[in-house]
Amino acid sequence: MSEAVESRDFIRQIVADDIAAGRHGGRIVTRFPPEPNGYLHIGHAKAICLNFGIAEEFPDAQCFLRMDDTNPSKESQEFVDAIQRDVRWLGFDWGNHQTHASDYFERLYELAVRLVRAGDAYVDGSSAEEIRASRGTLTEPGRASPDRERSIEENLDLFARMRAGEFPDGRYVLRAKIDMASPNINLRDPVMYRIMHRPHQMTGDTWCIYPMYDWAHGQCDWLEGVTHSLCTLEFEDHRPLYDWFLDRLGASPRPRQYEFSRLNLTHFVMSKRVLSALVQEGHVRGWDDPRMPTIQGLRRRGYTPESIRDLCTRVGVTRKDNVVEMAVLESCVREDLDARAPRAMAVLAPLKLVITDYDAEREEWLAAANHPRRPELGERTVPFSRELWIERDDFALDPPPKFHRLAPGREVRLRYGYLVTCTDVVRDPATGAVLEVHCTHDPQSRGGNAPDGRKVKGTIHWLSARHAVSAEIRLYDRLFVDPNPMAAREGKALGELLNPDSMAIVADAMVEPSLAAAAPESRFQFERQGYFCADPDTTPERPVFNRTVTLRDTWAKVSRRD
RNA sequence: UGGGGGAUCGUCUAAUGGUAGGACAGCGGACUCUGACUCCGCUAGUCUAGGUUCGAAUCCUAGUCCCCCAGCCA
């Protein structure tokens with residue numbers, strides 16, 4: 001075996017170099033800082049895998065799960081709980097390193113006072129509109145606020161009174177005093193604090209001023225001892241500001257910010273706004289709808305944490321805008337589920353098959369392997385009788401070329417059952433539709449083995465009609481028609497972008513009796529069809545399964561082409 | 001037309017001046033009691049133009065195209 005040269009992404013390379021150079025005393029600290037204002041999606045999974053992954057891979061490294069809760073008007077405990085559940089489900093452990101930005105509100109305030117004292121921040125009485133108007137544009141510099149040269153004493157007094165609750169929302173803000181003419185708009189005296197009389201889920205009524213992201217984030221990183229602050233590309237322009245605050249405060253040692261490109265997947269949208277609209281407008285059944293890219297949606301769909309983590313390693317970490325094909329995600333989950341999902345038989349579109357030379361009273365229980373390559377997963381027995389259900393697509397009156405399933409006069413194998421030959425067909429005299437297929441069986445082929453070793457090309461799945469259990473099976477497809485919905489969006493209503501066939505409910509599917517007891521979230525391969533996951537709605541009386549992904553289907557490809 | 005980034009097979013990603021490699025997708029074949037899995041093979045790429053060099057995806061120059069930024073959101 002040749003030595004595989006493990007290549008590292010640029011961030012892990014930086015971390016490795018820093019360790020090699022003895023920076024940060026050899027300690028590495030990262031953090032995943034979600035704002036608890038929505039559910040996590042697969043885009044977040046990339047950041048989670050990166051930050052927690054580094055903490056797992058490097059010695060003496062740790063990762064904080066920090067709730068970035070600086071805006072109580074949008075955040076809630078419900079989201080905090082959901083985020084923790086999702087991170088844990090993905091398989092990561094933050095130990096006792098779970099924090100909130102709000103844990104640092106008091107220290108942030110003290111640091112802000114320091115900046116005011118140093119003449120690096122001032123209280124501005126301009127309205128939001130005035131601030132916007134004086135910020136300038138991409139090509140023109142901004143103008144100084146009339147309050148920019150307010151005395152330090154007055155700033156100190158006003159800032160204290162802001163905190164004390166003497167002013168209504170919007171009356172004043174605290175701004176960093178940097179450079180109104182900077183070509184980087186983020187440096188044009190950014191707002192550090194705004195007045196917001198609103199209780200916070202962690203601090204209650206303690207505060208009526210709340211820090212802005214740019215002010216809070218870097219300082220929290222510093223206070224927590226973060227060494228590598230990893231974020232997405234759109235924060236790149238904020239890095240000079242991130243560094244400016246740390247410079248002014250004389251932070252040492254100090255964190256450094258590195259940016260990487262976010263994950264995009266074809267036929268998916270990651271925007272919280274759009275995701276929320278899908279739920280609000282009723283296009284999906286909720287945040288955990290199996291068509292959603294949320295962690296909870298993917299989970300309900302049947303994706304495994306391992307498959308999502310595998311996706312993150314397959315796509316890598318770079319600074320290039322990218323759109324990963326959905327097929328990669330599907331490949332990840334197929335690979336994982338092929339290895340571990342027990343097999344079972346289910347019929348989605350039942351067609352009656354009668355074995356005319358099999359006694360009507362008779363029943364046999366035949367052994368079926370739970371996994372073709374893993375005998376340790378054991379076997380189950382499946383009932384066999386005279387009347388069976390087979391898949392409608394597995395029979396053709398007039399078979400196309402290369403079709404090697406059942407057709408008049410042809411022989412196929414009933415998986416783990418018998419070799420049967422089609423002798424007759426019962427059709428609806430009015431419509432011509434096939435009502436029943438009649439076969440004879442080879443009694444010597446019990447279990448599916450040809451007694452004389454003859455090759456039988458086709459093997460189809462089946463269910464004993466009188467033993468099969470009726471089930472609801474939900475088939476999912478891409479939610480968005482266009483591979484890049486956000487680009488195709490212009491001028492269109494959300495509904496117009498959606499795939500009308502993204503969900504098909506098969507109410508009258510049939511499954512093996514053993515599947516009635518399937519626990520929610522248990523996953524199976526329904527042979528020849530795909531991977532399925534028992535939905536939380538499932539009950540023994542009414543089993544419900546979600547199709548995670550189909551099996552690769554080269555026959556579908558061939559028949560579509562011809 | 002300010003500032004900040006980015007361009008390698010269809011897609012994602014390696015190659016850190018020395019054979020452009022891998023994965024997914026696609027195509028062909030072998031195997032098969034799942035048209036699955038597995039295995040084998042094939043197709044396919046350095047944004048453009050110059051330059052430096054024995055040698056350039058990599059260094060230099062000039063272009064082109066794409067993305068981000070004007071919240072008291074993060």
Side-chain angles (χ1 to χ4, degrees), chain A residues 4-5 7-9 13 33-35 37 68 70-71 73-74 124 126-128 131-133 135-142 169-170 172-175 182-188 190-196 210 212-214 216-217 231-240 259 261 263 266 272 311 314-332 334-335 338-339 343 345 368-369 372-373 402-405 412-417 419 445 447-450 456-461 483 525-530 550-559:
Chain A
V5 179
S7 75
R8 286 201 250 247
D9 61 68
Q13 191 58 55
E35 184 188 12
N37 70 343
D68 206 350
T70 57
N71 186 352
S73 69
K74 295 179 162 188
D124 192 348
S126 305
S127 68
I131 288 179
R132 186 179 342 110
R135 187 158 17 235
T137 68
L138 294 179
T139 52
E140 307 157 37
D169 287 8
Y172 287 107
V173 290
L174 183 74
R175 298 178 75 177
S182 173
N184 181 343
I185 292 177
N186 297 117
L187 263 18
R188 317 238 263 232
V191 172
M192 294 170 64
Y193 277 96
R194 72 283 219 191
I195 298 172
M196 193 187 289
Y210 290 98
M212 300 292 290
Y213 165 85
D214 284 306
H217 199 85
C231 63
T232 44
L233 250 26
E234 67 269 26
F235 292 102
E236 196 160 10
D237 290 343
H238 295 241
R239 180 156 28 94
E259 310 86 18
S261 48
L263 171 68
T266 58
K272 273 184 192 172
L311 175 82
R314 289 202 208 184
V315 302
V317 181
T318 67
R319 293 174 60 87
K320 193 173 83 120
D321 289 336
N322 63 84
V323 186
V324 175
E325 289 178 350
M326 201 179 62
V328 182
L329 210 214
E330 294 182 340
S331 165
C332 291
R334 283 194 186 108
E335 182 179 303
D338 172 59
R343 312 286 131 125
M345 292 196 282
R373 299 192 307 281
K402 296 183 205 153
F403 184 87
H404 43 259
R405 280 114 97 141
V412 296
R413 171 183 298 105
L414 297 176
R415 175 138 240 228
Y416 300 122
L419 300 181
S445 65
N449 303 301
V456 177
K457 193 85 171 139
T459 299
I460 65 175
H461 58 277
Q525 184 198 97
F526 291 169
E527 296 210 28
R528 305 209 306 134
Q529 316 222 66
T550 62
L551 253 32
R552 278 186 67 233
D553 189 351
T554 49
W555 166 246
K557 231 179 289 180
V558 170
S559 52

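Order of the sequence lines fixes the chain letters, A, B, ..., with proteins taken first and strands second; residue numbering starts at 1 for each chain.
Side-chain N/O atoms of A:E325 and base N/O atoms of B:G10 include a donor-acceptor pair closer than 3.5 Å. A:R343 contributes a side-chain N or O that forms a donor-acceptor pair with the base of B:U34 under 3.5 Å. With hydrogens and angles ignored, a donor-acceptor pair under 3.5 angstrom links the side chain of A:Q525 to the base of B:U34. Applying the 3.5 Å distance criterion, the base of B:G35 shares a donor-acceptor pair with the side chain of A:R405.
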Pairs under 3.5 angstrom, nitrogen or oxygen only, protein versus nucleotides 68-71 of chain B, please.
from	atom 1	to	atom 2	distance (Å)
B:A70	O2'	A:R135	NE	3.4
B:G71	OP2	A:R135	NH2	3.3

Do any N or O atoms of the protein come closer than 3.5 Å to N or O atoms of nucleotides 37-40 of chain B, and which pairs are they?
from	atom 1	to	atom 2	distance (Å)
B:C37	OP1	A:R552	NH1	3.4
B:C37	OP2	A:R552	NH1	2.9
B:C37	O2'	A:D338	OD2	3.1
B:C37	O2'	A:R373	NH1	3.0

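A side-chain N or O of A:D124 and one of A:S126 form a donor-acceptor pair less than 3.5 Å apart.
As rounded to whole Å, 12 Å separates atom P of B:G26 from atom CE of A:M326. What separates CD1 of A:I131 from P of B:C73 is a distance of 11 Å, to the nearest Å. Here the P atom of nucleotide B:A74 and the CD atom of A:E236 are 20 Å apart, to the nearest Å. Across the protein-nucleic acid pair, A:N37 atom CG and B:A74 atom P stand 9 Å apart, rounded to whole Å. The distance from atom CG of A:N322 to atom C1' of B:U8 is 14 Å, rounded to the nearest whole Å. In this structure, A:L263 places its CG atom 16 Å from P of B:U11, rounding to the nearest Å.
Using a 4.0 Å heavy-atom distance criterion, A:K402 is classed as a base contact. Heavy atoms of A:I195 sit nowhere under 4.0 angstrom from any nucleic acid atom. Residue-level contact check: A:D169 touches neither bases nor backbone, having no heavy atom under 4.0 Å from any strand. Residue A:A327 is in sugar-phosphate contact alone, with no base atom involved, counting any heavy-atom pair closer than 4.0 Å across all strands shown. When heavy atoms are screened at a 4.0 angstrom cut-off, A:Y172 is found touching no nucleic acid atom at all.
Residue A:S73 places no side-chain N or O under 4.0 Å from the OP1 or OP2 atom of B:C73. Neither OP1 nor OP2 of B:C73 sits under 4.0 Å from any side-chain N or O of A:T70. In this model, the phosphate group of B:U13 is approached by a side-chain N or O of A:K320 to a distance below 4.0 Å at OP1 or OP2. Proximity of A:K272 to the phosphate of B:C73: no side-chain N or O atom is located under 4.0 Å from OP1 or OP2.
With values rounded to the nearest 0.5 angstrom, A:S261 atom OG is found 10.5 Å from A:E236 atom CD.
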As a check on the pairing definition, encode RNA chain B in dot-bracket form, counting Watson-Crick and G-U wobble pairs whose two distances are under 3.5 Å, and using | for partners outside this strand. .((((((..((((....[..)))).(((((.......)))))....(((((..]....))))))))))).....
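The pair A:R528-A:D553 fails the salt-bridge criterion, with no side-chain N (NZ, NE, NH1 or NH2) lying under 4.0 Å from an Asp/Glu carboxylate O. By the 4.0 Å N-to-carboxylate-O rule, A:E140 lies too far from A:R135 to be salt-bridged with it.
When the P atom is used for both B:G26 and B:C60, the distance is 40 Å, rounded to whole Å. For the P atoms, the distance from B:C67 to B:A25 is 29 Å, rounded to whole Å.
Taking only side-chain atoms of A:T318, from C-beta outward, the nucleotide of B:G35, B:U8, B:A14 with the closest atom is B:A14. Closest to the side chain of A:R314, from the set B:C72, B:C24, B:U13, is B:C24.
By the 5.5 angstrom centroid cut-off and the 30-degree plane limit, A:W555 is classified as stacked against the base of B:G35.
Here B:G71 is in the syn range [glycosidic angle within 90° of 0].
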